[in-house]
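Reckoned from all heavy atoms, side chains included, excluding hydrogens, waters and symmetry mates. Positions are given from 1 along the sequence.
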Amino acid sequence: MAQEENAATAPATRALRWLAGGIAVAMSLYHMYVAGFGPPEAVQFRGTHLLFALTLVFVLFPLRAGGGALSRTVDALWLIAGWAAVLHIFVDYQAFTNRIIYIDELTPWTKIWAVVCIAVVLEGTRRTIGWALPITAMAFLVYAAVFTQVKLPVLLEQLYYSTEGIFGSTLGVSASYVMLFVLFGAFMERSGTGQLFMDFAMSLTGHQAGGPGKVAVVSSSLFGTVSGSAVANVMVDGPITIPLMKRTGFRPPFAAAVESVASTGGQLMPPIMGAAAFVMAEFLAVPYAQVALWAAVPALLYYVAVFFAVHFEAKRHGLAGVPRAELPRLPRVLVERGHLFIPILVILFGLFLGYSAPLCALVAALSCLPVALLRATTRRGISWASVFGALEEGARNTLAVAMACACAGIVIGCVTITGLGITFTQVVIALAQNSLVLALVLTALAGIVLGMGMPTTPAYIVMVSLLVPAIIKLGAATPAAHMFAFYFAILSAITPPVALAVFAAASLAKADLWASGWAAMRAGAPAYIVPFMFVYEPALLLIGDWTTSLHATLSATIGVILLAGGLFGYLLRPASLWQRALLVAAALLLIKPGLVTDLIGLALALVVAAVQWLEGRRATSPAT
């Protein structure tokens with residue numbers, strides 16, 4: 001009897017896999033067509049994107065894994081409800097476009113489908129990224145419906161029958177930008193670019209002190225700019241870099257910390273950042289290339305800090321690199337695989353020429369596999385299966401962002417219709433007592449807390465709705481305020497107690513979670529300071545004249561290096577306690593904008609360097 005049951009259910013499971021694969025490929029092809037030939041009207045495009053996402057979510061994320069007929073029936077009912085709610089807008093599109101919003105009343109059926117659509121989006125989001133964001137959205141719904149003067153039909157209209165809720169700009173970002181860049185990342189992986197990144201990093205830094213740690217920093221920065229996901233980055237690079245770090249003497253918690261911090265920074269790394277960067281471009285109504293330019297120096301400071309944290313830790317413990325004989329040679333790497341950098345150059349060149357980011361991502365994605373076919377060394381394994389695999393993987397990897405953006409639309413709709421954003425701004429300003437520093441601290445804490453339970457994109461969106469207006473009102477430049485929120489939404493991935501990137505890396509390193517978390521915070525310590533600095537000195541975002549930006553960048557770069565030296569107890573040689581204190585003080589003075597503080601910081605650093613140089617001379621001079 002059991003054998004008969006298995007025989008009956010196996011084809012159904014296989015059929016579902018084929019169905020999901022076909023839908024995913026169709027979703028990718030649709031978005032590629034739109035990127036090449038232009039989208040339909042906004043709501044129709046966003047609705048189609050949501051239809052694809054809901055279909056895949058309820059097929060790929062069942063109510064109960066391996067559930068029986070009841071579970072599959074519930075999944076089917078959710079899917080039918082989602083399709084009906086979205087198709088209601090398509091069928092009734094003339095009424096949707098011609099009506100006067102908030103004046104013409106909704107029909108009874110429209111009210112019903114509004115409730116259904118909200119419920120389906122909440123359930124789909126729960127299945128893909130957990131409870132945190134749906135609970136947040138439900139809290140805003142309860143607030144809007146119960147504790148304000150907003151009538152329920154008006155709230156339903158805002159969330160479902162307008163472009164200020166579920167079908168708002170955040171879902172548009174997922175459909176227009178995120179889908180194409182995630183698809184590009186899938187094609188890059190299928191073309192073997194991950195191996196190029198690893199070999200490139202190994203050939204550059206593998207032989208140096210703490211070489212495997214530096215390899216993790218370089219390779220994760222390269223891979224992270226394609227994947228945009230900290231956890232995904234850890235799971236791709238970590239199985240290679242973490243055992244290498246442990247083999248050369250790094251403690252397991254520190255090995256996990258380096259990989260998690262380096263992987264998390266990928267969302268900050270131009271030219272292809274995390275999904276929230278595309279949302280920022282939409283919110284600020286600027287080209288995506290402008291956001292990438294703002295992020296350039298903060299990303300540089302982030303990775304310089306991590307790189308030198310690895311260097312100083314290795315020098316302090318006398319850890320060597322990997323023998324050169326075991327490493328790939330850089331010329332050979334570039335000859336055999338260097339052409340795989342071409343798709344990234346396509347994006348950079350296209351953005352520089354002013355083409356839209358989705359079109360650049362499309363052309364780059366289409367170039368990945370043909371470029372891989374150029375040489376025999378990268379041609380192996382490339383087939384039509386690679387094409388369909390990339391199309392399927394690209395759609396699947398978009399689901400979490402698509403559902404998060406739709407659910408974030410509920411939050412934004414509630415904030416907008418109730419005026420909660422204005423109220424919250426007033427509360428933050430009152431709590432901060434008109435102090436920008438206190439407002440920034442509140443925003444940073446909120447970003448870390450929000451990011452603990454939800455992905456970067458919705459955490460950033462909530463912060464923009466509630467907190468960013470307050471720090472702008474207190475004097476922060478608008479781009480700096482948005483970058484501040486973006487930065488701290490990202491840093492939650494390495495901040496205990498819920499540090500998802502650290503959890504992933506610690507499992508690979510077989511290290512204690514808390515020890516790995518604190519080590520990650522120490523390795524990424526400058527990342528918690530730099531956002532405050534670019535709020536007070538927007539030149540770090542390359543805003544203003546180039547001389548000011550160059551001076552600010554140089555002083556901040558020296559500052560983050562000294563901060564790593566102070567925290568890890570090494571500069572030219574192991575540092576004593578008072579030397580570490582001076583290095584930290586010098587770092588903070590250099591990171592802080594201002595010529596006077598820079599000069600004082602340099603003087604303190606020179607004192608420590610001179611003392612250590614003399615100590616080194618005495619230690620190496622022959623005894624008399």
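- Open room surrounds CZ on R332; 12 or fewer heavy atoms of other groups in view lie less than 6.0 Å from it.
- Judged by distance alone, the side chain of E259 and the main-chain N or O of A505 form no donor-acceptor pair under 3.5 Å.
- When side chains are defined from C-beta on, R375 does not count as touching R337, because their heavy atoms never get closer than 4.5 Å.
- H49 and Y30 share no side-chain donor-acceptor pair at under 3.5 Å.
- When all heavy atoms of R190 and I382 are compared, the closest pair comes out as O-CD1, 3.4 Å.
- In this structure, the side chains of H551 and D598 come closer than 4.5 Å at one or more pairs of heavy atoms.
- With ring centers used as reference points, F484 lies under 6.0 Å from F488.
- Residues Y288 and M273 form a side-chain contact, since some pair of their non-hydrogen atoms from C-beta on lies under 4.5 Å apart.
- S176 places a side-chain heavy atom less than 4.5 Å from the side chain of F45.
- Other residues, nucleotides and ligands contribute more than 12 heavy atoms inside 6.0 Å of the CZ atom of F503.
- The aromatic rings of F181 and F278 sit tilted, their planes meeting at an angle between 30° and 60°.
- Atoms CZ and CE, from R247 and M245 in turn, are 12.5 Å apart once rounded to the nearest 0.5 Å.
- With hydrogens and angles ignored, the 3.5 Å screen pairs a side-chain donor or acceptor of S191 with a backbone N or O of M188.
- Of the residues L359, V34, L362, the one that meets the side chain to side chain contact (heavy atoms under 4.5 Å, CB included) test with L180 is L362.
- Here L571 contributes atom CG and L562 contributes atom CG; the two are 6.5 Å apart, rounded to the nearest 0.5 Å.
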Query - Y487 and Y528: CA distance, side-chain angles, deciding distance, ring-ring contact (aromatic ring centres under 6.0 Å, His included) verdict - result: CA-CA 9 Å; Y487 222 104; Y528 295 88; 9.0 Å; no
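- Between V401 and V182, every side-chain heavy-atom pair lies at or beyond the 4.5 Å cut-off.
- For F308 and F312, the gap between ring centers is short of 6.0 Å.
- Annotation: the span from L563 atom CG to I558 atom CD1 amounts to 13.5 Å, rounded to 0.5 Å.
- For the pair T170/F283, a side-chain contact is recorded, criterion being any heavy-atom separation below 4.5 Å from C-beta on.
- The shortest side-chain heavy-atom distance between T457 and C405 falls under the 4.5 Å cut-off.
- Taking the charged nitrogens against the carboxylate oxygens, E393 and R396 have no contact shorter than 4.0 Å, which rules out a salt bridge.
- Note that the CG atom of L327 and the NE2 atom of H207 stand 8.0 Å from one another [nearest 0.5 Å].
- No side-chain heavy atom of F486 sits under 4.5 Å from any side-chain heavy atom of W294.
- In this structure, K315 places its NZ atom where only 12 or fewer heavy-atom neighbours from other residues, nucleotides or ligands lie under 6.0 Å away.
- Distance check: M202 CE to E326 CD gives 8.5 Å after rounding to the nearest 0.5 Å.
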Report task. I would like to know whether F52 and T398 meet side-chain contact (heavy atoms from CB on, under 4.5 Å); could you show each step before the answer? Result -> CA-CA 10 Å; F52 273 119; T398 308; over 6 Å; no
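- The distance from atom CD of E313 to atom CZ of R251, rounded to the nearest 0.5 Å, is 5.0 Å.
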